[in-house]
Protein chains: 2
Amino acid sequence: MKQTKISEAVVRRLPIYLQVLNELHNREVQTVSSQELGVKLDLNPAQIRKDLAYFGEFGRKGIGYDVLYLIEKIRQILKVDQPINVALAGAGNLGHALCNYNKYSKDNMKITAVFDAHPSKIGISINNLQVLPMEELPRVIVQQNIRIGIITVPAFEAQNVANQFVEAGIEGILNFAPAILRVPEHIRIHNADFTRDLLSLAYYLAGEGDAANESTVD
Amino acid sequence: MKQTKISEAVVRRLPIYLQVLNELHNREVQTVSSQELGVKLDLNPAQIRKDLAYFGEFGRKGIGYDVLYLIEKIRQILKVDQPINVALAGAGNLGHALCNYNKYSKDNMKITAVFDAHPSKIGISINNLQVLPMEELPRVIVQQNIRIGIITVPAFEAQNVANQFVEAGIEGILNFAPAILRVPEHIRIHNADFTRDLLSLAYYLAGEGDAANESTVD
DNA sequence: TAGATTGTTAATCGATTAACAATC
DNA sequence: TAGATTGTTAATCGATTAACAATC
C-alpha cells in the first residue's frame, strides 16, 4: 500500500492529462508515450510518468500508455467515474454559463440544483433546472446527495453562501467570487476568481521596464 | 538592481494580497503586519514578507505595512496602475458575465472590445460595448492598443481565436475554453478552465477509500 | 535481437519556513 | 527603554528532472 500523500501539484495536473487523453481518444489514437504527452503539454515526460506512478502501473514498457485505459484510470482516481452531484448558488450570467457546460460534460459531474436569493430569479428555468430559493438549499443538498457547491454570487454574499453550503454538509466548494472565504479545515475550497488570473497576467506584459526588471529596488 | 527572476508562485500570490488589502482598506484599516495577513490568508508570514521583499522595502520595522501604500505598490508591480485594454472573444453567457465585472473592477484593466463569429451575436450591446465581427479583430486590437485577450468561445474554436489574437499582436491570453492551446513562447497564457478546478476538487471528496488512500497500488 | 519506453531511484533544483539582527 | 515587526540569511522541505535497469 502506497500511503504517500499526493501533492496538490500532481492532482492539479491530472485533469490536464485527462483533457489531452480525451482529445487523443477522439482522434482514435490508441497509444501514447509520456514523451508525446510531454510535448503536447510542455511538461517533462519523467514528471508525467512519476505523477501516474503514484497511483499505479498504467503503462507498458517499450509501448506507452493505452489511451482509453488511462482515461478510465484517471477518472477513477479523480472519482469522476461515479456520478457526483453539484449545486450552484447564483443564477446570474456566470451561473448560466456554468450550467451550459453540463451539456458538454463527458464526466459524471453534473449541476443538479441551482439556487438564488433574488425573487426575480427564482422559478426561472436554466437548462431544465428550476432556480430554487436559498431556503431550499439545506433540504435539496441532502436529498440529492450533493457534495460540491459552486459559488457564483457577488463577493459580498459569498461568505454567507459558503456558510450555508458547509452547514448543509457539502465537502468541496468552487468559488468564483472575488473574495477570500473562511471555511472549516475539512472543507476543500478551490478559487476560480478570474480577476486573479487577469492581474497576474498583467505582470508578464512587457512594460517600459518589463516583468524581469521592473523591480523598484536599486 | 535585483535581477532575480521572480517565480510564478510569487506572482500568483500578489493578486491575493491585493484582494485582502483592498478589503482592509475598505474597512479603513491603516496598517497591517505580515502576521495578520498570514492569518487571513493561511500563509506563512515569512513567505509574505519574502514575496514583497523581491520588489522592494515596503514595510516599517516594528510597525508593519501601510495598507494604502502597499496597495499602490502591488498595483505598480502588477502594472495595473496604468490602463490595460483587454479584448474578449465569445459573446456567450460567460463572455457576458466577464463583461459585467468591468463595472465593479477597481483596477485599470478594462474589457474594451468584444468579438464574436456568430452573425446572431454581432451588433448586440453588452455593457455599452457593441459586439464586433471577428474580421474587425486585427484592426481594433491595434487601434485600441489591446494587450490581453480573453477566450470564451467553445473549445473547438479556441485555438483559432488564439491564433488570431497572437497574429494581432496580443501579449497575454486568458483562456476559458477547455482546450490546450499552442502559442508562441513569448505569449503568456493562463488557463481559467473551470472544469479542471472541478475535477481536481472531486479528487478530495471522501470516498469509500478517500483521497489519501484511494491508490490502486498494493 | 534492437529499439523504445516504462517505473523508480538518486541528484538537482527551487520554494517555503525558521531564525535573528536591525530598527521603528 | 521594551515590544513588535521588518528584511534577509540559512536551514529545511518538497517538487522536478536525469538516469537507468527492467521489459515489452
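Every value quoted in this text rests on a predicted model; they were computed, and no experiment measured them. Naming convention: chains lettered A, B, ... in sequence-line order (proteins, then strands); numbering from 1 in each chain.
Regarding contacts with the backbone of D/dC24, every side-chain N or O of A/Arg60 stays at 4.0 angstrom or more from both OP1 and OP2. Between B/Tyr65 and D/dG7, a side-chain N or O to OP1/OP2 separation shorter than 4.0 Å is present. One finds a side-chain N or O of A/Gln47 lying less than 4.0 angstrom from the OP1 or OP2 phosphate oxygen of D/dT16. Under 4.0 angstrom from either OP1 or OP2 of D/dT16 there lies at least one side-chain N or O belonging to A/Arg13. Side-chain N/O atoms of B/Ser34 include none lying less than 4.0 angstrom from OP1 or OP2 on D/dT5. Phosphate contact (OP1/OP2 of D/dT6, side-chain N/O of B/Arg49, threshold under 4.0 Å): present.
Put simply, CG on A/Leu70 is 14 Å from C1' on C/dG7, counting in whole angstrom units. In this structure, B/Leu43 places its CG atom 9 Å from P of C/dT16, rounding to the nearest Å. When rounded to the nearest whole Å, the span between OH of A/Tyr54 and C1' of C/dG7 equals 12 Å. In this structure, the CD atom of B/Glu8 is 12 Å from the P atom of D/dT16, given to the nearest Å. For the pair B/Glu57 CD and D/dT5 C1', the computed distance is 13 Å after rounding to whole Å. One atom, CG of A/Leu52, and another, C1' of C/dG7, lie 11 Å apart when rounded to the nearest Å. B/Glu36 has its CD atom 13 Å from the P atom of D/dA4, to the nearest Å. A straight line from CD1 of B/Ile63 to P of D/dG7 spans 12 Å, rounded to a whole angstrom.
Ion pairing between A/Lys73 and A/Glu57 fails under the 4.0 Å rule for side-chain N and carboxylate O.
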What's the verdict on side-chain contact (heavy atoms from CB on, under 4.5 Å) for B/Leu98 and B/Phe176, showing C-alpha distance, side-chain angles and the deciding distance? CA-CA 11 Å; B/Leu98 300 191; B/Phe176 282 87; 3.4 Å; yes
Applying side-chain contact (heavy atoms from CB on, under 4.5 Å) to A/Leu21 and A/His25, what does each step give before you reach the verdict? CA-CA 6 Å; A/Leu21 290 166; A/His25 179 58; over 6 Å; no
Go through the steps for B/Val80 and A/Leu198 under the test side-chain contact (heavy atoms from CB on, under 4.5 Å), then give the verdict. CA-CA 10 Å; B/Val80 292; A/Leu198 211 46; over 6 Å; no
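Both B/Ala46 and B/Gly62 lie near DNA chain D, and the one whose nearest nucleotide falls closer to the 5' end is B/Gly62. Along DNA chain C, the nucleotide nearest to A/Lys50 and the one nearest to A/Lys61 differ in position, and the one closer to the 5' end is contacted by A/Lys61.
Closest of all the heavy-atom pairs between B/Gln82 and B/Arg147 is OE1-NH1, 4.2 Å.
Applying the Watson-Crick and G-U wobble criteria (two distances, each under 3.5 Å), C/dT23 pairs with D/dA4. If you check D/dA18 for Watson-Crick or wobble pairing at under 3.5 angstrom, you find it paired to C/dT9.
Side-chain proximity of A/Ser7 to D/dA15, D/dG7, C/dT5: nearest is D/dA15.
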